[in-house]
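In listed order, ligands and their atoms are each counted from 1. Any value given below was found using the heavy atoms of this structure, including those in side chains, with hydrogens, waters and symmetry copies removed.
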Amino acid sequence: MQTLIEKAAQRLAGERRGAAMTGAGVSVESGIPDFRSRGGLWTRFPPEEYATIQAFRRDPEKVWRMLAEMEKTLDASSPNPGHRALAELETLGVLEAVVTQNIDGLHSRAGSRGVVEFHGSHRTLTCLWCGNACKREEVRQLPVPPRCSCGKVLKPDVVFFGETIPEKALHDAARVADTCRVLLVAGTSAEVYPANQLPSRAKRRGALIVEINVAPTLLTDSVTDIFIEGKAGEALPLLAEAVKRLL
Ligand code: NAD
Ligand code: ZN
């Protein structure tokens, strides 16, 4: 693993135009289960049943039972060494952006500034029926599910299955993929479209693809140039250390 980390660090330090794309795996060590973990949230609330926009429109009260549990998990979580290492790589001047599929806000809390929240965020909510928008804080005191002044149930601004990606996030992520020279792909199964298109897009534009995951994924044998098998919370800090030594 050390040789592969060294190789990736050399390219990052040499090019100084890196970016990262992250998935649920980088937050597993913060106590937030990914879709593939046994037990936990997603076993009791299967995403195909609770995380689709059709489910929300049909029965928002039911979907809020999952959202309320998810919020409890998010409230209890804090950034781990993997999030902090990505923030440090940005401070070192070798990483321009983190495109994340996560809605937990942990990259920003760890200090990353160039964060593209591809699947939105749970910090704001919108009413699908009248278009009203508000901050989560503003409706914290309301009983769950929180309701809009029009009486309908509010939806957090996270992208549910069946919804389109916010225009700005799509645009920003495409720019990142087109301009980075090294892309760190960490903790994602690369099974969720269209986020999973970004690594091959970056590769076509000549970027080196460095994948960090505890197990091989759909990308490993096709798109990935360097596969670092390990936990994001362990491999990313080693990578940041190696870059620091080279600068
Ligand atoms: P996923 O659940 O499909 O895959 C997670 C990947 O992370 C797997 O490949 C797994 O092997 C890997 N992994 C697990 N622990 C790891 C660790 N410690 N270090 C490195 N890799 C590890 O996640 P996805 O690809 O992000 O797609 C799922 C969708 O669900 C996304 O849209 C995501 O936004 C959403 N989601 C978000 C959160 C969150 O915000 N934290 C949590 C669950 C799901
Ligand atoms: Zn409304």
Side-chain angles (χ1 to χ4, degrees), residues 20-38 40-43 45-48 50-52 60 66-67 69-71 73-74 76-83 85-86 99-109 115-123 125-134 139 145-156 158-163 165 169 184-199 210-220 224 227-239:
M21 178 184 138
T22 66
V26 299
S27 293
V28 165
E29 290 157 86
S30 291
I32 305 171
D34 63 3
F35 279 168
R36 274 129 195 101
S37 307
R38 274 166 226 263
L41 189 73
W42 300 114
T43 315
F45 301 105
E48 42 309 342
Y50 283 87
T52 71
M66 175 274 284
L67 291 171
E69 284 234 9
M70 197 177 75
E71 284 198 333
T73 308
L74 295 182
S77 70
S78 49
N80 69 55
H83 298 108
L86 289 175
V99 178
T100 187
Q101 298 169 79
N102 299 341
I103 50 94
D104 54 36
L106 293 180
H107 286 299
S108 301
R109 278 178 61 194
V115 182
V116 179
E117 290 183 311
F118 202 76
H119 289 158
S121 144
H122 72 111
R123 292 183 300 276
L125 304 98
T126 303
C127 173
L128 295 180
W129 289 272
C130 79
N132 253 346
C134 66
V139 291
R147 286 179 186 276
C148 177
S149 49
C150 79
K152 297 284 196 180
V153 173
L154 289 160
K155 178 189 163 293
V158 299
V159 177
F160 279 48
F161 289 109
E163 282 192 297
I165 307 298
L184 307 176
V185 181
T188 176
S189 63
E191 284 178 20
V192 177
Y193 178 88
N196 63 0
Q197 302 300 301
L198 293 171
V210 179
E211 186 181 16
I212 297 123
N213 201 303
V214 290
T217 70
L218 295 173
L219 301 174
T220 310
T224 301
F227 180 59
I228 298 171
E229 188 161 1
K231 292 184 174 176
E234 291 170 6
L236 289 171
L238 291 174
L239 183 62

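- Not a single heavy atom of Pro47 lies less than 4.0 angstrom from ligand 1.
- Taking distance alone, with nitrogen or oxygen atoms compared against 3.5 Å, Asn213 approaches ligand 1 more closely than that limit.
- The main-chain N or O of Val159 is never found under 3.5 Å from a side-chain atom of His119 such that the two would form a donor-acceptor pair.
- Ring planes of Phe161 and Phe35: tilted class, angle from 30 to 60°.
- Geometrically, ligand 1 and Gly23 share no nitrogen or oxygen pair separated by less than 3.5 Å.
- Look at His119 and you'll find a heavy atom under 4.0 Å from some atom of ligand 1.
- You'll find the side chain of Cys150 stays beyond 4.5 Å of the side chain of Asn132, heavy atoms only.
- When only interatomic distances are considered, the shortest N/O to N/O separation between Thr217 and ligand 1 does not fall below 3.5 Å.
- Listed by chain and residue number, the protein N/O/S atoms under 2.8 Å of the Zn ion (ligand 2) are Cys127 SG, Cys130 SG, Cys148 SG, Cys150 SG, with waters left out.
- In summary, the atoms of ligand 1 found under 4.0 Å from a heavy atom of Asp104, numbered by their order in the structure, are 39 (C), 40 (O), 41 (N).
- In terms of protein heavy-atom proximity, atom 17 (C) of ligand 1 is closest to Gly25 O, 3.3 Å.
- Looking from atom 33 (C) of ligand 1 to the surrounding protein, the closest heavy atom is Gln101 O, 3.3 Å.
- Val185 has its side chain out of reach of Thr224: every pair of non-hydrogen atoms, C-beta onward, lies at least 4.5 Å apart.
- Shortest contact from atom 21 (N) of ligand 1 to any protein heavy atom: Gly187 CA, 3.5 Å.
- Taking a 4.0 Å cut-off on heavy atoms, Trp42 registers as neighbouring ligand 1.
- An N or O contact shorter than 3.5 Å links Ala232 to ligand 1 by distance.
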